[in-house]
Amino acid sequence: MGGLKRTHDCYSITEEAIDQEVTLMGWVLRRRDHGGLIFVDLRDRKGITQVVFAPEVNAKSHEKAHRLRSEYVIAVRGRVRRRPEGMENPKLKTGMIEVVCHELRILNTAVTPPFPLDEDADVSEGLRLKYRYIDLRRPVMVENITLRHRVCQAIRQFLNRHDFLEIETPILTRSTPEGARDYLVPSRVNPGRFYALPQSPQLYKQILMVSGLERYYQIARCFRDEDLRADRQPEFTQLDMEMSFVEESDIIALVEGLIKEVFASALGITLEPPFRRFTFSEAMERFGTDRPDTRFDMELVDVTDIARRCGLKVFNTVAASGGVVKAVNAKEMGDLSRKDLDDLTVFAQSFGAKGLAWVKIKADNAWQSPIAKFFSDEEQHAIAQRLEAAAGDVLFFGADQRATVLRVLGELRCELARRRGLIPEGRFNFVWITDFPLMEYNEDEGRFTSMHHPFTAPLDEDMDLIETDPGAVRSRAYDLVLNGIEIGGGSIRIHQPTVQKRVFKALSISDKESRDKFGFLLEALSHGAPPHGGIAFGLDRLVMIMAGRESIRDVIAFPKTQKAQCLMANAPSRVSMAQLAELYLRPDWKEKA
RNA sequence: GGGGUCGUAGUUCAGCCGGUUAGAACGCUGGCCUGUCACGCCAGAGGUCGCGAGUUCGAGUCUCGUCGGCCCCGCCA
């Protein structure tokens, strides 16, 4: 850089610097060459500043500036001056000033970028991922990555202040049953044995509580070998926490304080905890999901009792055979066309509905609907009243087994809100979900499996149901949901080996298997484990929502594609036979390795 | 594993019912231009229509397969 020192960045240089000599370094965003005057928009991480090259100021620099191209890296020494009257650019934070160049150094040239760096350029994501270093130069990406940094800093500040210790746990660990598919790593020095990458630091953090560290956190990388989605990557980041001598209310209060501080510090947004709370069953009945989006209404309403009496066979037989009939009131959606209704029916069917009954409420409160004739005036009135229906509304019904109805209407509720633009921008609606079932019956495996994980404590009052009615046992688990997306979940853990054994048994995990896979935990619990509990947050998802993005890839510096590949580094890659041999791996596929 | 969608110039896209030399905008290259800021004007270059088969006199266009991006279901304690 030839002795030049950067004195300012391209954002914070203001009118106060007028008449000062400054040195800027950055990338050429755009050059506007007038033959005489040349303007260059210089971009660095912080912002953009206009540099002017004039032949009468410095002929050599002006001459050099003709050679500048997009993304050249340059150093500019020059004088800050107020822009001439009428030449200010209100779109730029530095738009009141410009830097008149006295000396230009080209620090590096660049080939033409594979895609434009314009803010609004619409570029395919595959290309962005291949040239991620270019993509990350775009201001929106710099903002996302910076926001993520601020969130992490706020987390650390808050937790440090609350006496937590940041502790790392192993990345090379052991495979455990239950949960997602593991990523495996062969052990060279232990032929035929494998490490697993952690799906979460769950067991280690509990062990740390047994160790008496009392308050632990970690911004931890986690690995799950499952298929990807917009909000799921094979490696992702959790804010993982665990505390001793606490119960649900302690963790919930601490987390509310943490989230409040994170939003205040990273976004300047004031949240007002406590957040709303729903029990699992309440959330399911009212929103059809355990992660309700409360930014809009349209709650599910049960009308099974009325449907039981009505003349519509689909409804009364469902009601008679243990199913449920529920409805949502789509307020003021009476203008939905027949095609819209057909589309919504297809939508409902994709979630398992056999059909989708609808009723349009006309001006005189009369029902316009294929099913209207099966309901007496009295039944129509009762349903309308329960759904608070008014002229211009549309009612949608689901009649089936409970799980299907909840799923279909829950999805329909969100779809209607999306289609009608009922979801307000810039809102952050947090909800706690509590009292989850401890386990649910898994048809495929023919046994109960944990809803959260096998170390979650049952509610004391439900403890005796573990052996008699496992599906009815509620757990001391809690989820934090933001705008309909699960961003965190945790529980009070089992800290007594006797209880842990009973739960393993209910999960049909044999003594042998539990000793084999979790023996160290069971043993640890017998060495004076304090009551403890914790929570883990999907950091990527939290930052994604805070950034207003729809994919966590936008808040991860180097994410993977849906096929779990890194298009930039070309991972995963083939490896040599020699490497495989060293690991005692002998592939028997036909391709050449 | 399954469903959907996309793949044409560096980029974003258009390309009709299968028919002459595959177009536009931006970008790029060269020239002109002293107040632009998506500068402007003039000229020019730039194509393995993802790949491979097939149908056809003829395929960017139709069919099948395949590869890749994205969305979703399954999966994700």
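Just so it is clear: chains get the letters A, B, ... in the order the sequence lines come, proteins before strands, and each one is counted from 1. Not measured: the values here are computed from a predicted model.
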Which residues, if any, of residues 496-521 of chain A bring a heavy atom under 4.0 Å of RNA chain B?
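The answer is none.
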Report which part of the nucleic acid [X] touches: base, sugar-phosphate, or nothing (heavy-atom distance under 4.0 Å, all strands).
| X | result |
| --- | --- |
| A/Arg69 | sugar-phosphate |
| A/Gln233 | nothing |
| A/Leu92 | nothing |
| A/Pro114 | sugar-phosphate |
| A/Arg43 | nothing |
| A/Asp33 | base |
| A/Met439 | nothing |
| A/Thr456 | nothing |

What distance, rounded to whole Å, do you find between the two [atom1] atoms, one in [N] and one in [M]?
| N | M | atom1 | value |
| --- | --- | --- | --- |
| B/G46 | B/A22 | C1' | 13 Å |
| B/G19 | B/C73 | C1' | 43 Å |
| B/G35 | B/A45 | P | 32 Å |

What is the distance, to the nearest angstrom, from the NE2 atom on A/His66 to the C1' atom on B/G31?
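So the NE2-C1' distance, A/His66 to B/G31, works out to 12 Å.
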In whole Å, I'd like the distance from the CZ atom of A/Arg128 to the C1' atom of B/C6.
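Rounded to whole Å, this separation is 16 Å.
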Strand partner of [N], provided both Watson-Crick or wobble distances fall under 3.5 Å:
| N | answer |
| --- | --- |
| B/C37 | none |
| B/U29 | B/A43 |
| B/U12 | B/A24 |
| B/G68 | B/C6 |
| B/A53 | B/U63 |

Will you find, in the side chains of A/Gln202 and A/Gln206, an N or O donor that is under 3.5 Å from an N or O acceptor?
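The answer is yes; a qualifying pair exists.
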OP1 or OP2 of [N] under 4.0 Å from side-chain N/O of [X]:
| X | N | answer |
| --- | --- | --- |
| A/Arg32 | B/U36 | no |
| A/Arg30 | B/C39 | yes |
| A/Ser70 | B/G27 | no |

Once ring-ring contact (aromatic ring centres under 6.0 Å, His included) is applied, what residue pairs with a partner in residues 484-514 of chain A remain, sequence neighbours excluded?
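Every pair satisfying ring-ring contact (aromatic ring centres under 6.0 Å, His included) with a residue in residues 484-514 of chain A: A/Phe504-A/Phe518.
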Would you check if A/His34 stacks with the base of B/U36, given a 5.5 Å centroid limit and a 30° plane limit, both strict?
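Stacking between A/His34 and B/U36: absent.
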Determine whether the aromatic ring of A/Phe39 stacks with the base of B/U36, defined as ring centroids separated by less than 5.5 Å and ring planes inclined by less than 30°.
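Taking the rule of under 5.5 Å and under 30°, the ring of A/Phe39 does stack on B/U36.
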When you get a sec, tell me which of B/U11, B/C37, B/U34 is the closest nucleotide to the side chain of A/Met87?
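Between B/U11, B/C37, B/U34, the one nearest the side chain of A/Met87 would be B/C37.
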Counting N and O atoms only, with roles assigned by atom type, does the side chain of A/Ser475 sit under 3.5 Å from a partner on the main chain of A/Phe436, one being a donor and the other an acceptor?
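Confirmed, A/Ser475 side chain pairs with A/Phe436 backbone.
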Look only at the side chain of A/Arg83 and the backbone of A/Met96, and say whether a donor-acceptor pair between them is shorter than 3.5 Å.
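No, A/Arg83 side chain to A/Met96 backbone: no donor-acceptor pair under 3.5 Å.
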Please work out which of the three classes, parallel, tilted or perpendicular, describes the rings of A/His66 and A/His62, given edges at 30° and 60°.
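It falls in the perpendicular class, over 60°.
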Do A/Arg549 and A/Glu143 meet the salt-bridge criterion of a basic N to acidic O distance under 4.0 Å?
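Answer for the salt bridge query: no.
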Pair A/Asp231 + A/Arg229: basic N to acidic O under 4.0 Å:
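So A/Asp231 does not pair with A/Arg229 through a salt bridge.
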For each nucleotide in nucleotides 70-76 of chain B, reading 5' to 3', give B when a protein heavy atom comes within less than 4.0 Å of its base, S when such contact involves only the sugar-phosphate, and - otherwise.
BBSBBBB
Among A/Asp240, A/Thr169, A/Thr237, side chain to side chain donor-acceptor pair (under 3.5 Å) partner for A/Gln218:
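Among A/Asp240, A/Thr169, A/Thr237, the one that satisfies the side chain to side chain donor-acceptor pair (under 3.5 Å) with A/Gln218 is A/Thr169.
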